[in-house]
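Taking it in order: structure first as structure tokens, then the write-up.
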Amino acid sequence: MSLATTAAATAPAEIRPSDFIRDIVAGHVAENKYPQIHTRFPPEPNGYLHIGHAKSICLNFGIAREFGGICNLRMDDTNPTKEDVEYVDSIQADVNWLISNWADDRLGYKVKGALPAALTTNGQADHFISAAVPRLAPTATLEPFYASDYFAEIYGYAVELIKAGKAFVCDLTPEETDEYRRHAKESPFRHRSVAENLDLFARMRAGEFPDGTRTLRAKIDVASPNIWLRDPLIYRIRHADHHHTGSAWCIYPMYDFAHCLSDYLEGITHSICTLEFEVHRPLYDWILTSLNLPRPLPHQYEFARLSLGYTVMSKRKLMQLVQEGLVTGWDDPRMPTISGLRRRGVTPEALRAFAYNIGITKYNGITDVAVLEHAIREDLNKRAFRRLAVLRPLKVVITNYPAGQVEELNATNNPEAPETGTRPVPFSRELYIEQDDFREVPPPKFFRLKPGGEVRLKYAYIIKCEEVIKDAAGNVIELRCTADLDSKTGGATAGRKVKGTIHWVSAAHAVPAEVRLYDRLFTVPEPDADGDFKTHLNPHSKEVITAQCEPSLASATPESRYQFERLAYFALDQDSAPGKLVFNRTITLKDNWAKEPPKS
RNA sequence: UGCCCGAUGGUGUAACGGUAGCACAGCAGACUCUGAAUCUGCUUGUCAUGGUUCAAAUCCAUGUCGGGCAGCCA
């Protein structure tokens, strides 16, 4: 391996990525603006994380890692009707998997059950919740942050706002609220007294009013060109149990109110989110500055979310695929979810390399899936064990090879990593080769086996096709071949050049395995461009076959990755059991032959 | 419609007033006991029009196109 390739192989892990957000952070570090950089990854637990979240995770944890900071994992759980512990658990698992051996030492968790502490900062009442460094305590005693853990403090801040005359209880119906806001019209309840607002808000909290009858609204500017400044709602009534706080509350803060304050309570310095929140930034800043808080305020920065070709990314649509049974679950290997990609056999390293390669900007583009596929192949090429397996078997009999004789041939585990050694592969008179590797009437430039033609069996002999046997329907069911018995590696004619080399397995020794061949879920680059995205589902996105594998594959492990030579990369599926192998095709090898234009 | 944001090869991204570079994709070739990997070479780009400047992808203005927001979702 040359110096250049060594450097290239390790580059993504060593090179410091650069983008406009990191530039800002670097500037703050240079001017010593904060004692420590503190980011956060704040998913709502209302679905599984997808590759778009992976981009955000890599950004937020990457910044923490590169600038000696911390990144909190926070459940943004202010809407009890949509959230669930199932999602809390999956989010934790996915984040931990993605950042393992990379930024897990930057992961901000908190001591289990911890709530914000009341303290005095610069002579002023304040609240703060600090992050525990996970390495310092057993994971069982730590947990992610929850916005819902701050409901008491957030409620207190709302009361402060009311006292300052900056918030009021509004009795308008949802429809009226909409109508008034659209027409820049003041709510008739806007000028209620502080005392009345305080009383009403307390009674909202006490559960005196049904859902939807009253809200708490910030008093900002009903005529603002920015809709989010037209007296936005900051609290609504929801008589619903919450997955984390149970029945403690019947009023819940809106995102805009809860998010900036959660950032403040955790001491976040850089609150990074996607572009659609850009118009909310003035409100984010308004709330924090209106409250006269004693510690430095967090600031919001926005970047473009990921769009990937040939898939959909919204949680709503992914949820639909799951609920309508169009996939087997959130972790179906065809899903762009982190758990789906993991099950498919994609590694965290590949996902991180992908995130690095696509960069961070404010431009809304669609990333070519080929970029993802390249990152996956590059990673798997380095780590996958090479194995021989035949997906669609065609029987071959070597007529000049003695029946009953078995040879153990030496096969390289990984030519990219010679230190991984070799394993023995049995060879015998009856073999399977790939149906695609034989053509009775070969097209031009067909390098594989044809009547009267020769081909190299990988690690074994050069064989010549002498006879083609067909069934009554005319299908080729068996080939009779002769081998050049001196052409084995180390043999007299081992150096003979034949154009093609194909893979094979010994029929008597072959181990059957269920193999799930996955392809892209949709047939078009932008499934959600117009109409119903489900009409573009790829009917051939999953095919299940029984393959014949070399015996060493019987001891395949879930952690390992395999390349079935000349075919694709595979990973063991969780459905495997002792004596029952199930492989998922992670991604095919590049196939330039398949791209040859059809020639007559 | 109002407000906000954006625009660099086919795609994604760099260049921070001074030689338009990288990656993916594509094409051609070398090598090959994987039609993979690896290696070599190549094609293709600053949305438009003005202005500022010795010098503009970069600054300004206008326009065009694209995206976002207008939930008691996040």
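Here is the naming used below: chain letters follow the sequence lines, and residue numbers restart at 1 for every chain. Only a predicted model underlies this, so the values are computations on that prediction, with no experimental measurement involved.
- Both Ile360(A) and Ala494(A) lie near RNA chain B, and the one whose nearest nucleotide falls closer to the 5' end is Ile360(A).
- Of the nucleotides present, none pairs with C16(B) by Watson-Crick or G-U wobble criteria with both distances under 3.5 Å.
- Look at A28(B): its Watson-Crick or wobble partner, with both distances under 3.5 angstrom, is U40(B).
- Rounded to whole Å, the separation between the C1' atoms of G45(B) and A25(B) comes to 15 Å.
- Ring pair His280(A)/Phe277(A) is perpendicular by interplanar angle, where above 60° counts as perpendicular and below 30° as parallel.
- Pairing for C3(B) goes to G68(B), judged as Watson-Crick or G-U wobble with the two contacts each under 3.5 Å.
- Ring planes of Tyr252(A) and Phe151(A): perpendicular class, angle over 60° (limits at 30 and 60°).
- Base-pair partner of G35(B): not found among the strands shown (Watson-Crick or G-U wobble, both distances under 3.5 Å).
- Between G21(B) and U46(B), the distance separating the two P atoms is 13 Å to the nearest Å.
- Comparing C72(B), A74(B), U11(B) against the side chain of Thr215(A) picks out C72(B) as the nearest.
- Of all nucleotides listed (C5(B), C73(B), G2(B)), G2(B) comes nearest to the side chain of Ile227(A).
- Nearest to the side chain of Lys458(A), among C72(B), A37(B), U34(B), sits U34(B).
- Residue Ile358(A) is classed as a sugar-phosphate contact, given heavy-atom separations below 4.0 Å to backbone atoms only.
- A23(B) and U11(B) make up a base pair, with Watson-Crick or G-U wobble contacts both under 3.5 Å.
- Checked against C5(B), C72(B), G35(B), the side chain of Arg181(A) finds its nearest nucleotide in C72(B).
- Distances were taken from every side-chain heavy atom of Asn364(A) (C-beta onward) to each of G2(B), G71(B), G67(B); the shortest belongs to G67(B).
- Using a 30° and 60° split on the angle between ring planes, His243(A) and Tyr146(A) fall in the tilted class, from 30° to 60°.
- For U62(B), the paired nucleotide is A48(B), the pair qualifying as Watson-Crick or G-U wobble because both relevant distances are below 3.5 Å.
- Here C5(B) is the nucleotide among U11(B), A74(B), C5(B) with the atom lying nearest to any side-chain atom of Lys362(A).
- For Lys590(A), whose side chain is taken as the heavy atoms from C-beta onward, the closest listed nucleotide among A25(B), A14(B), C69(B) is A25(B).
- Annotation for Arg192(A): atom CZ counts as buried by contact number, over 12 foreign heavy atoms lying within 6.0 Å.
- As rounded to the nearest Å, A7(B) and C60(B) have P atoms that lie 13 Å from one another.
- Of the P atoms belonging to G12(B) and G18(B), the separation is 26 Å, rounded to the nearest Å.
- Shown here, G71(B) is classed syn by the O4'-C1'-N9-C4 or O4'-C1'-N1-C2 angle, which is within 90° of 0.
- The aromatic rings of His28(A) and Tyr301(A) are tilted relative to each other, their planes meeting at an angle between 30° and 60°.
- Of all nucleotides listed (C4(B), G35(B), C72(B)), C72(B) comes nearest to the side chain of Pro174(A).
- Closest to the Thr361(A) side chain, of the nucleotides U13(B), U32(B), G35(B), is U13(B).
- Here Tyr255(A) does not pack flat against the base of A74(B), since the 5.5 angstrom centre distance and 30 degree tilt limits are not both met.
- Using a 4.0 Å heavy-atom cutoff across all strands shown, Val279(A) reaches at least one base atom of the nucleic acid.
- As rounded to the nearest Å, A20(B) and U44(B) have C1' atoms that lie 13 Å from one another.
- Set against C69(B), G12(B), G71(B), the side chain of Glu276(A) has C69(B) as its closest nucleotide.
- Here Tyr363(A) does not lie in a stacked arrangement on the base of G6(B), lacking the combination of planes under 30° and ring centres under 5.5 Å apart.
- Place Asp76(A) and Asp23(A) on RNA chain B by their nearest nucleotides, and Asp23(A) ends up nearer the 5' end.
- A perpendicular orientation is assigned to the rings of His244(A) and His242(A), their planes being inclined by more than 60° (bins at 30° and 60°).
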